[in-house]
Amino acid sequence: MPRATSDARLLIQSLSKAYAATPTNLKIIDMYVVFAVATALIQVGYMGLVGSFPFNSFLSGVLSCIGTAVLAVCLRIQVNKDNKEFKDLPPERAFADFVLCNLVLHLVIMNFLG
């Protein structure tokens, strides 16, 4: 058992060293993704405790959070300078795509609410 804990500790240390070299703009996007997923989990927990009477509202809230997180991950992939696949895509264009897709997502969610 001590070997497994030392391996886990080594893994966490190596991940934290690698993440320290991550640019600040990617860290901000990561925090946004964590916030969106945490908000979805809070909504699911609330539904579990209180109930899901207006189920459309619950579904809209969770899908909005998860959809926004997925779009933010796509933005992170496109803005990352180490990613060679999107090297010709300027960050402004990636952000404009992110904003436009978020607008479409939230229009669909508002339509789902009724």
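Each residue takes its place number in the sequence, starting with 1. As the structure is a computational prediction, the values presented were derived from the model and not from experiment.
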Next on the checklist: Let me confirm one number: the CG-CD1 distance from L89 to I77, rounded to the nearest 0.5 Å.
Outcome noted: 12.5 Å

Next on the checklist: Within a 6.0 Å radius of atom NZ on K81, are there more than 12 heavy atoms belonging to other residues, nucleotides or ligands?
Outcome noted: no

Checklist entry - Any chance OH of Y19 has more than 12 other-residue heavy atoms, nucleotides or ligands included, within less than 6.0 Å? => result yes

Item to check | Side-chain heavy atoms of F86 within contact of V79, under 4.5 Å | outcome: no

Checklist entry - Quick one: do V44 and F55 end up in the same hydrophobic cluster if we chain Ile, Leu, Val, Met, Phe, Trp and Tyr together by side-chain heavy atoms under 4.5 Å apart? => result yes

Checklist entry - Of N83, I28, L26, which is the lone residue that meets side chain to side chain contact (heavy atoms under 4.5 Å, CB included) with R76? => result L26

Checklist entry - Would L107 and L100 show up in the same hydrophobic cluster when neighbours are defined by side-chain heavy atoms closer than 4.5 Å? => result no

Checklist entry - What's the spacing between S16 OG and I12 CD1 if we round to 0.5 Å? => result 8.5 Å

Next on the checklist: Quick one, V34 and D30 - any side-chain contact, counting heavy atoms below 4.5 Å?
Outcome noted: no

Checklist outcome for this item: L11 meets the side chain to side chain contact (heavy atoms under 4.5 Å, CB included) criterion, sequence neighbours left out, with S14, L15

Checklist entry - Should L105 and N102 count as side-chain neighbours, where that means a heavy-atom distance under 4.5 Å? => result yes

Please list, one pair per line, the donor and acceptor atoms closer than 3.5 Å that link side chains of residues 56-75 to other protein atoms, with sequence neighbours excluded.
{"unit_1": "S60", "atom_1": "OG", "unit_2": "N56", "atom_2": "O", "d": "2.8"}
{"unit_1": "S64", "atom_1": "OG", "unit_2": "H106", "atom_2": "NE2", "d": "2.9"}
{"unit_1": "T68", "atom_1": "OG1", "unit_2": "S64", "atom_2": "O", "d": "2.7"}

Next on the checklist: Considering only residues two or more places apart or on different chains, which pairs with a residue in residues 27-50 satisfy ring pair (Phe, Tyr, Trp, His ring centres under 6.0 Å)?
Outcome noted: none

Next on the checklist: Tell me whether F95 shares a hydrophobic cluster with I29, the cluster being built from Ile, Leu, Val, Met, Phe, Trp, Tyr side chains joined at under 4.5 Å.
Outcome noted: yes

Checklist entry - Does some side-chain heavy atom of F98 sit less than 4.5 Å from a side-chain heavy atom of Q78? => result no

